[in-house]
Amino acid sequence: MSKYSFSKDVQVLVRGTPFTLDRDLLAARSSRLCKLFKENPDEDHSHLLSDIPTTPQIFEIMARFCYGFPVTFTPENVIPISCLACYLGMTETHSPRNLLNQALSFFEHEIITGWNASLRSLKAIDNQTILQQAVQLGLTDGCMDSLISKALDHPLLLGEPIKNPALDHDDDEDESNENVYKPNAKRQLFVLDWKSEDLSLTTLHLQFYEPIIRGMIQYKMGSNYIASNLYEYAKRWVFLDPKETNEETSAASSSSSEGDSSYSKRLAIEAIERHLPHDRGVLPCALLSEMLQYAMVLEANANCRDGFEMRIGRQLDLASVNDLLIPSQGYSKDEKYDTECVQRILKHFYHNFTGKDQTGLDFVAELVEDFLGEIADDINLKKGSFISLAEMSIAASQRTQRPSDGIYRAIDIYLNKHRYLTESEREEICKVLECNKLSTEACEHAAQNERLPVRVAVQVLFVGQLHLRESITKEVAVAGDGCEEKEEEKVMGELEKMSSKVTELEKECVVMRKEIQRGGGGYMMRKRNNTMEKVRTTNVWREMKRKLGCISRLHNNNNCHVKKKKKMKVHPKGDGFC
């Protein structure tokens, strides 16, 4: 070192930490500092060295190396040391066994050969200047390529695929599933013991995580592994539950402002949506709905929200009612749940539905009916939103013989909650009800439902008459040949009487509605024995039942209940059809 004879020590300030070092020792290892000292031998160089891109801890390691101390490399410090050594020109051409060569040798043999070491090295990069130098040296690419290669060999490094409870695949079906990644058989000869202590890929910041996921997708990694890892990343970096975050994430959140935190979460959820596979069933609708709701809260871009809605729509026949209960967002929200979002999801389902089997359409129609029953109790639910969803449900099963009991149930709950609606508004809502598809039990309940408009009640009575005719016809067909003609004449006579009674009742309903519109105060005028008398309109329903006394199943209790074929749903607040 005698060839360097600089007279003074040098003062260096690194991020507020002062260092006083021997110029000869620094010049012996650093070509950059040697050139600086030669060009300015008598000047104070502290101001020229204040912008060294490193931390006090890494700079101290470099200084100790210049003084002859050995360097202990770790996955956390090898990349910053390499970047500092490159910046200072500590290469083999300037001095043998120099710092840069030792750091790169450790990186090649100890870092990129291990999963954990590569993750720890990437996590330690927290400075943009160091990051830029690491990119130029190819260190970050080396770590990411190593992680991609190891994940392709061992997909479980990304975590177990999330099982979709709505799909019951057997083992044989799983083997034929294109989404299941099958590693190369030759690679299985080199299985490493990584299961017990591996770090998760989701611990990386988005600047490293996104390129790694993109690379795995390019190399055809199984979509179910990609999807499960993306969801775990969302749980760590996007979801607001503090139990799901590690100490590092919590510290970062506390040190950053609320706006910066929301911005980083928004970037994360948008990146997750971009790389989330579109394959049907890789994630349950419940998890997709959860990520969609966070995208709305964080005000993610429209492409992000549309992407989640499209994925839910493609597998809507695997969803549940809770998956569609998406709260409305914004300060001017009126309705409790976002019905417009549900309508868009339904459009995606109908647009992409290619199944020849009607089962999927029937399931979605029933799903929408149950959804309407859940939201009908919302006092702020708009009439137009209710009607639009009901029409979309009916359109799915228009060519089938599915009963309309679900729609009727939702209408009953809605009318019970929104008692302020006028007669015309109630009629507009009931237009979506197909009375001819109501079951016998629903007809019995609707015939006594005072919340229904008069016109709808009359239609229900006609349907009840048809049901009665069909049932009697079947009974007559079963009866003996000797009594067949006599029974048929008797039945036809009863039906003619009922038809005349219904016609008379319809006329009285029209008169009653006119009296109500004139403000008749709950009374109507009826002609009897050439005189006019006043009758309370509230007794009309009792009068209707008396006149149709031949329908033996009508009871006086207005709160009759009808059992649903598949499942029973009780409305807690209303007293209507359930």
Side-chain angles (χ1 to χ4, degrees), residues 1 3-108 110-111 120-143 205 207-208 251-252 255-256:
M1 297 184 183
K3 61 180 180 179
Y4 303 106
S5 57
F6 303 111
S7 57
K8 298 180 181 178
D9 291 337
V10 62
Q11 294 273 343
V12 181
L13 189 66
V14 180
R15 295 188 182 181
T17 302
F19 291 89
T20 302
L21 303 174
D22 187 282
R23 295 191 185 192
D24 290 343
L25 298 181
L26 294 179
R29 289 297 187 179
S30 171
S31 61
R32 186 187 187 99
L33 295 179
C34 180
K35 180 180 179 180
L36 180 66
F37 296 153
K38 285 183 177 180
E39 293 177 352
N40 306 282
D42 299 326
E43 293 184 10
D44 181 12
H45 302 90
S46 58
H47 66 285
L48 300 176
L49 300 176
S50 59
D51 59 347
I52 294 181
T54 187
T55 62
Q57 294 79 11
I58 301 301
F59 187 84
E60 182 180 356
I61 293 175
M62 184 277 302
R64 291 174 62 85
F65 173 78
C66 293
Y67 274 78
F69 291 95
V71 176
T72 302
F73 292 103
T74 65
E76 285 77 13
N77 67 20
V78 64
I79 290 182
I81 290 176
S82 301
C83 293
L84 178 60
C86 182
Y87 175 81
L88 295 177
M90 304 176 72
T91 62
E92 294 296 305
T93 56
H94 183 72
S95 175
R97 297 183 299 278
N98 214 339
L99 183 60
L100 179 59
N101 186 64
Q102 294 186 29
L104 293 180
S105 177
F106 180 85
F107 180 84
E108 180 181 358
E110 301 295 335
I111 301 302
R120 290 167 60 186
S121 294
L122 290 178
K123 287 178 61 180
I125 302 177
D126 56 357
N127 183 285
Q128 288 298 322
T129 304
I130 295 178
L131 173 60
Q132 294 176 1
Q133 292 182 334
V135 171
Q136 293 176 357
L137 290 175
L139 302 179
T140 56
D141 289 342
C143 289
H205 291 282
Q207 59 186 351
F208 302 123
S255 62
S256 61

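Predicted model, so just to flag it, every value in this text is computed and none were measured.
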- Nearest heavy atoms of F65 and R97, plus distance in Å: CZ-O, 3.6 Å
- Side-chain contact, heavy-atom cut-off 4.5 Å: I125 with F208? yes
- Task: Measure the CD-OG distance between E110 and S105 for me, rounded to the nearest 0.5 Å.
- Result: 8.5 Å
- What's the spacing between Y67 OH and L26 CG if we round to 0.5 Å? 6.5 Å
- Message: Whether the N98 and S95 side chains hold a donor-acceptor pair (N or O, under 3.5 Å, no angle test) is what I'd like checked.
- Response: no
- Item | Minimum-distance pair of heavy atoms, taken over all atoms of N77 and T74 | OD1-N, 2.8 Å
- Does F37 reach the side chain of V10, with side-chain heavy atoms less than 4.5 Å apart? yes
- Hey, is the main chain of P75 close enough, under 3.5 Å, to the side chain of S121 for a donor-acceptor pair? yes
- Note on the structure: Closest non-hydrogen contact found for D24 with D22 is N-OD1, 2.8 Å
- What one should report as the nearest heavy-atom pair of L100 and C86 is CD1-N, 4.2 Å
- Without swapping roles, check the side chain of Y87 against the backbone of R32 for a donor-acceptor pair under 3.5 Å. no
- Item | Between NZ on residue K123 and CD1 on residue I79, distance to nearest 0.5 Å | 13.5 Å
- Task: Give, for atom CD1 of I81 and atom CG of L84, the distance between the pair rounded to the nearest 0.5 Å.
- Result: 8.5 Å
- Query: With a 4.5 Å heavy-atom cut-off, do R29 and L99 have their side chains touching?
  - Reply: no
Check: residues 126-142 side-chain donor-acceptor pairs under 3.5 Å, at least two apart:
unit_1 : atom_1 : unit_2 : atom_2 : d
N127   : OD1    : T129   : N      : 2.7
N127   : OD1    : I130   : N      : 3.1

- Kindly indicate whether the side chain of I111, heavy atoms from C-beta on, has any atom under 4.5 Å from the side chain of C143. yes
- Item | Any side-chain heavy-atom pair of L104 and S82 under 4.5 Å | yes
- Close side-chain approach of Q102 and F73, heavy atoms under 4.5 Å: yes
- Query: Rounded to the nearest 0.5 Å, how far does OG1 of T72 lie from CD1 of I61?
  - Reply: 8.0 Å
- Task: Could you tell me which non-hydrogen atom of T54 sits nearest to which non-hydrogen atom of V14, and how far apart they are?
- Result: O-CG1, 3.9 Å
- Query: Is R15 close to T55 at the side-chain level, that is, under 4.5 Å between some pair of heavy atoms?
  - Reply: yes
- Message: Check whether H94 reaches the backbone of A27 with its side chain - one donor and one acceptor, N or O, closer than 3.5 Å.
- Response: yes
- Find the distance between CG (D9) and CZ (F19) and round it off to the nearest 0.5 Å. 14.5 Å
- With sequence neighbours left out, the residues meeting salt bridge (charged side-chain N to carboxylate O under 4.0 Å, His left out) with E76 are R120
